[in-house]
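Working notes, beginning with the structure itself.
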Number of protein chains: 2
Amino acid sequence: MSKTKEVYLSDDVRKQNRFRIISQFRVHGKKSRTEISKLADLSAGTVTNVSTMLLNEGIIQVCDQDASHASSSSHGRPRVQLELNPGYKYVVAGSLTFNSISLSLFDYLGEKISTVQEKVTLEKMDGDEIAEFILAMLKGFDVEVAPSIFVLGVQGLTKNNGKEILWSPILSESGMKFAERLSQISNAEVTVANDSAMIARSLSKDKTYADGTFGAVLMSYGIGLGLYIDGQPFQGAKSSASELGHISFKGGDGALCRCKKHGCVEAYASDYAIWRRAKGLDPHALPERPVTSEDIAQIIEEAREGEGPARQAIREAGRAIGFGLAIMFGLFDAFPVVFVGRGAQALDLMDDEIRQALNDHFRFHKQLDINFTKESDALVHVENGSSIVGLEWLDQQAAFGKT
Amino acid sequence: MSKTKEVYLSDDVRKQNRFRIISQFRVHGKKSRTEISKLADLSAGTVTNVSTMLLNEGIIQVCDQDASHASSSSHGRPRVQLELNPGYKYVVAGSLTFNSISLSLFDYLGEKISTVQEKVTLEKMDGDEIAEFILAMLKGFDVEVAPSIFVLGVQGLTKNNGKEILWSPILSESGMKFAERLSQISNAEVTVANDSAMIARSLSKDKTYADGTFGAVLMSYGIGLGLYIDGQPFQGAKSSASELGHISFKGGDGALCRCKKHGCVEAYASDYAIWRRAKGLDPHALPERPVTSEDIAQIIEEAREGEGPARQAIREAGRAIGFGLAIMFGLFDAFPVVFVGRGAQALDLMDDEIRQALNDHFRFHKQLDINFTKESDALVHVENGSSIVGLEWLDQQAAFGKT
DNA sequence: TGTAATTTTTTAAGGGTTAAATTAAATGAG
DNA sequence: CTCATTTAATTTAACCCTTAAAAAATTACA
């Protein structure tokens, strides 16, 4: 279409096959040329040729042949196991929340090498400051490497191309531009992605959901939904995730949301909303101080002790979540849901309200299968998902080259 | 992945280039080899080779060179204009509504050749009967040809693969299986698609929307939404279109919808809903007799005369539509909307309510740009869109062959 | 009739793939 | 210890497709 000359040529075929072969290593780990030949459905000769190139380029390496005899049980020339070269390139996968940045370094094999975390309020920083802060954090890693790509999970709407944040509650207007700046000063690719979408991506590698269709609801400072449909991440039109948190639960006169609208699901189900209600604060204002993990843990504890404002707040959160899911289930079919994050700890207390809200919308039950992931440390999932995205990008670069 | 041997070989390159070339003819119509060479960015030699194959296979043909001198103004060997062979294969594009079937025959150039329409109540027929009825209707065409593909627009949820109807208000459970049967007895491909999605596809070829992002809201016996995002049809997870009509507008105790749920947008905005309310009938029951175009025309006329039940019914429809759009605008960004179908005739009467409902959800205005298409004959758009789908399929078959 | 201008076809070179043949490396029997 | 056997990896030869360049075809015009 554009000026770039698209070549449907042997060159493309080679690139495709490079990608096929790299992908097999990505999925299966250590494999011999012969095995790759079968897995990738390519001739042995092609695998030899491509492998030689990949070895020369440092993309793959020959494994230590320690237990090589064990694997090939029978006669004949033993297979030479090859694998992705862990040091080929590095990914920094991170999570940006309203009051902290966490970064982890992953090697090309997808192993986490090091982690750093800093408390910082992003809303007060502009794009340049955030970019420089992130770059400085790299010094905290155990090893000193230049990552090829940053993949950063943030709350809010991000463009599908991973290059733009359309809206985020944790960033100021000027802060949203940090990606481009970070890319310049780090000389690396920088991608931003919705945090819930990254959680879903992480969970999709889990055996439990591997075949599947499921949603990951992140209940923390905001409410997010990452969707997987038939094993594929579901991409909204523009945004990377479906904005469950900003579906309108109550009309325009409902509780105030961080997004400045009123009545959003988030204004009833996020941790600040739960805290606000449990403490009897004005629903038309945002809490003056940040709500901490401890605050939420305390509310949940109170709620478990019996009826009262804490329990009521969590009930209301359940109704909001249930309403939001009902809307989603109306647009899609019903899907199993994994709850992640601080608020998810109270799932048992919300379960009835969620189901009741669904029933209010669907006179006839839809099949529901709500799973609960105790993993409150959503951060690990965000980073895992982000690392997966980063590795996919590296694989494509390795196969198809720049541009 | 599967058993089928995927060949990343010269064979594929040739197929890709066949498709490139066919696509250029599809878009640009009559063109010489030289022109195609430039348009498709392929060498003259390749175009010659592929053209020779396509000519032999009857996919393209040499044009009458009547005005050939006119086109090539200067010296030299004149260009030989080629074009898609209209008689290569045929598409039957159709629309199935609750009380009629309409079919149109399109040639490979996309020209409509003939149309037939029959009154029939599909809900009372099983799959075999519907399939045989459709096949029999082909005899009504001016010419006798065996179509290679049927593309049929229906209300309801269809699978993205076009092979299954998940739910449709106009068909009985057994009737939903007609596609497979029709495919057998006609020996042709059969695809089912959501009617609103087909309307959007048809409109997407319109200059006004060609660049774009827009939604087509079909207001007739049901309420459908076909979405185009950045020039691409937006596919929901499973269904071909976003089910605007079955978003829950009122809780579980609202008006009865054909889908057996209560409170759906459709239960307030479809023609049977408007009629029901205008006539003061029980909102918890479906009207006993089908609502006709004349009924709706009459209600609209009454509504225009001033306040009263008719006007109120249309107002309520506007609120329901506005609510549904608000939900959609929350998940996507706001998009311009084209209203099509019988109900769309009353758009001016609903305009205020639609905008009011949107404002109730969005305290801060989102940019709205609602267009109104007077084209009440949604049927033509459904068929146009369907023919486009059919031609795309034929092109792919022609380029890549069976399987 | 001959020459120039353009389009289309043919040809030769270059790349990638595969199947088959060859080489490499290890096992184990005699 | 030698050598046949077995399996892995590499090399070879044939094939297909593309492109650039050369050749052929076809028409206009002098």
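When the P atom of dA9(D) is taken as reference, atom NZ of K31(A) falls 12 Å away, rounded to whole Å. The distance from atom CD1 of I36(A) to atom C1' of dT17(C) is 18 Å, rounded to the nearest whole Å. Taking atom CG on D41(A) and atom C1' on dT17(C), their separation rounds to 12 Å, with Å as the unit. At whole-Å resolution of the value, NZ in K15(A) and P in dT18(D) are 17 Å apart. Here dT19(D) presents its P atom at 15 Å from NZ of K38(B), a figure rounded to the nearest Å. Taking atom CG on N49(A) and atom P on dT12(D), their separation rounds to 12 Å, with Å as the unit. Taking atom CG of L42(B) as the reference point, atom C1' of dC17(D) lies 11 Å away to the nearest angstrom. One interatomic measurement links the two molecules: CG of N56(B) to P of dT9(C), which rounds to 12 Å at whole-angstrom precision.
Checking the phosphate oxygens (OP1, OP2) of dG16(C), no side-chain nitrogen or oxygen of T46(A) falls inside 4.0 Å. When the side-chain nitrogen and oxygen atoms of T48(A) are compared with OP1 and OP2 of dA9(D), none of them lie within a distance under 4.0 Å. Residue T52(B) places no side-chain N or O under 4.0 Å from the OP1 or OP2 atom of dT9(C). For the OP1/OP2 pair of dT18(D) and a distance below 4.0 Å, the side-chain nitrogens and oxygens of S43(B) include no atom meeting the criterion. Not one side-chain nitrogen or oxygen of R79(B) sits closer than 4.0 Å to the OP1 or OP2 atom of dT6(C). Dashed line: the shortest gap from a side-chain N or O of N17(B) to OP1 or OP2 of dT18(D) is under 4.0 Å. Residue R14(A) has no polar side-chain atom (N or O) positioned under 4.0 Å from OP1 or OP2 of dG15(C). Side-chain nitrogen and oxygen atoms of R33(A) include at least one within less than 4.0 Å of the OP1 or OP2 phosphate oxygen of dT10(D).
The aromatic rings of Y108(B) and Y88(B) lie perpendicular to each other, with more than 60° between the two planes, well past the 30° mark. Ring geometry for Y228(A) versus F214(A): interplanar angle under 30°, hence parallel rather than tilted (30 to 60°).
With distances taken from any side-chain atom of T34(B) to the nucleotides dC17(D), dA26(C), dT8(C), the minimum falls on dT8(C). Of the candidate nucleotides dT6(C), dT10(D), dA8(D), dT10(D) has the atom nearest to the side chain of A44(A). The side chain of H75(A) approaches dT27(C) more closely than any other nucleotide in the set dT18(C), dA24(D), dT27(C).
I21(B) has its side chain within reach of L42(B): a pair of non-hydrogen atoms, C-beta onward, lies under 4.5 Å apart.
With DNA chain C read from its 5' end, the first of the two nearest nucleotides for V50(A) and G45(B) is the one closest to G45(B).
Counting heavy-atom neighbours within 6.0 Å of E180(B) CD, excluding the residue itself, gives a total of 12 or less.
Of the residues listed (R26(A), Q397(A), R201(A)), the one engaging E392(A) in a side chain to side chain donor-acceptor pair (under 3.5 Å) is R201(A), and it is the only one.
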